[in-house]
Amino acid sequence: MRIRLVPVLAVIVLSLPLTVTTASGGPKPIPLPISLATVIPAPAEAETETEGFRLGPETVIGAAGAARPIAEQLAAALRPATGYELPVRSGAAGIDLLLNKGADQRLGDEGYALTVRPGGVELRANRPAGLFAGVQTLRQLLPPEIEADSVQQRDWVLPGGRIVDRPRYAYRGAMLDLARHFHTPAEVKRYIDQISRFKINHLHLHLADDQGWRIQIDSWPRLATVGGAEGTGVRGIGGGYLTKADYRDLVRYAAERFVTIVPEIDMPGHVNAAQVAYPELTCDGVAPRPRIDIRVGYSSLCAGKEITYRFAEDVIRELAEMTPGPYLHIGGDEAHSTPHADYLAFQERVLPLVRKHGKIPAGWQEIAQAPAARDDAVVQYWNHEGATAPVVAAAGSGAKVLLSPANKAYLDMQYDLLTPGGLHWAGTIEVRTAYDWDPGTLLSGVPEESILGVEAPLWSETLRDLADLEFLAFPRLVALAELAWSPRATHDWDSFRMRLGAYGPRWTRQGVRFYSSPQIRWS
Ligand code: TNX
């Protein structure tokens, strides 16, 4: 047996120049052979060996205790295409999932070590989240046909070697805007399935905006029944809201995939739908007309009225009650019609309400102007003109900064001016633009220790159905997932685009309608 021990990049660089000339004269890419070095996001350390592990009808998955549900997920993912039984049992087996219970310091809470040898596969992690991440890696090591939902006649070989992997940032996020167009729980679940495969671990749901309100709140029932009625949304298309049962079901579904839901109610601007339902939330008490256009910055809660804070606390309390995750997002962006002093007065009362109800407050970067946006608060940077003085100051006094620079991370920006869907106010974002930046050094004045992670927002002014969402999210979301997960040392565009190109057939098998960017050589 010839053993090759080579770092990730060497393997990929070796594979780069492989092209053959076709009869028509054009270069045709040779598929990148699957190895432990072709995984996306790139693992922290990977050593490849020539001999791998062959799955067969007799393969058993071994797992006990808290490892067991993850082993069951793995088995369920591999059964349809292989046709193998893949029983899960406690005790040593062909593929073993083992919990170290904190013994391996290098791996932290979400890291894992995966070893593939001809005699068997061992996946170790300190905690279930690490096993889940390792399972996502393992699935990428099998051929793309593994994504099929019917039995495929072929060999199922996991390439040999060892990966030791852990994330660069604790928060790796995606955001969906349910307000501008409602997306059903089934669509949100499908999105969770997709993002969790790239080790994204937070899904931020933008649940209310000028055009619609998308979550049941018992103490203010008309928010959902009026604000989420049929015909609410951009151009009056669609409508709908999540009942509390829907929301709890989404939280549970996400948790099974190690994704934490972060709910957002945007205040004090972006509140027209709430004011249509409850005109007493305006300063003059007059109901505004429902809005189906995409303008921003015209609506505001009334900082001088007590009812504003009763509303805010009721909503925060009910959201906190149904959200096990640590964060609650209160928006705070683009409050152009809230006088500045009112904005500050509003935030000084509302940010503490989030803490009162047991959650860490998160908000768009504008909240950094309020002194209460300190300590453990999360400030989400979305601008693309560099950190503002308040953002630097907030980071300096303990706040964490979540990076969503609009000109790199906004999935609703068009790829180029000819691709369908999306906007372009922050520019166009091809795959390379989404990939080629460093979260650790993006904001001068904000040290890397203050960076919580990266989040990719998908605003849905122009997006109706799942195909629209998928086209804008994929493949760019993967670029952002890699920035958030992989160590800086693995950053390499040529490597990334080869690995991404090799992933394409998996999406095709799954029916994911991704954008086949001309920057990528798709297998
Ligand atoms: C800006 S950036 C917004 C949203 C829009 C989005 C469209 C930010 C926090 N707010 O209200 O939907 O642009 O790209």
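First listed ligand is number 1; within each ligand, the first listed atom is number 1. Positions are given from 1 along the sequence.
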Return the set of residues passing side chain to side chain contact (heavy atoms under 4.5 Å, CB included) with Pro290 (not counting sequence neighbours), or none when no residue passes.
->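 Side chain to side chain contact (heavy atoms under 4.5 Å, CB included) check on Pro290 returns Val276.
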Flag for [Y]-[X]: side-chain donor and acceptor within less than 3.5 Å:
{"X": "Ser404", "Y": "Gln380", "value": "yes"}
{"X": "Trp364", "Y": "Glu264", "value": "yes"}
{"X": "Gln216", "Y": "Tyr241", "value": "no"}

ring-ring contact (aromatic ring centres under 6.0 Å, His included) partners of residues 255-302, not counting sequence neighbours, each pair once =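 ring-ring contact (aromatic ring centres under 6.0 Å, His included) check on residues 255-302 returns Phe132-Phe258, Trp220-Tyr278.
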Protein N/O near ligand 1 N/O, under 3.5 Å, which pairs?
{"residue": "ligand 1", "atom": "10 (N)", "partner": "Asp333", "partner atom": "OD2", "Å": "2.9"}
{"residue": "ligand 1", "atom": "10 (N)", "partner": "Glu334", "partner atom": "OE1", "Å": "3.3"}
{"residue": "ligand 1", "atom": "11 (O)", "partner": "Arg180", "partner atom": "NH2", "Å": "3.0"}
{"residue": "ligand 1", "atom": "11 (O)", "partner": "Glu334", "partner atom": "OE1", "Å": "3.2"}
{"residue": "ligand 1", "atom": "12 (O)", "partner": "Arg180", "partner atom": "NH1", "Å": "2.7"}
{"residue": "ligand 1", "atom": "12 (O)", "partner": "Glu461", "partner atom": "OE1", "Å": "3.4"}
{"residue": "ligand 1", "atom": "12 (O)", "partner": "Glu461", "partner atom": "OE2", "Å": "2.6"}
{"residue": "ligand 1", "atom": "14 (O)", "partner": "Asp412", "partner atom": "OD2", "Å": "2.6"}
{"residue": "ligand 1", "atom": "14 (O)", "partner": "Trp425", "partner atom": "NE1", "Å": "2.7"}

Set of residues satisfying ring-ring contact (aromatic ring centres under 6.0 Å, His included) with respect to His206, sequence neighbours excluded |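 Per chain and number, His206 pairs via ring-ring contact (aromatic ring centres under 6.0 Å, His included) with Trp459.
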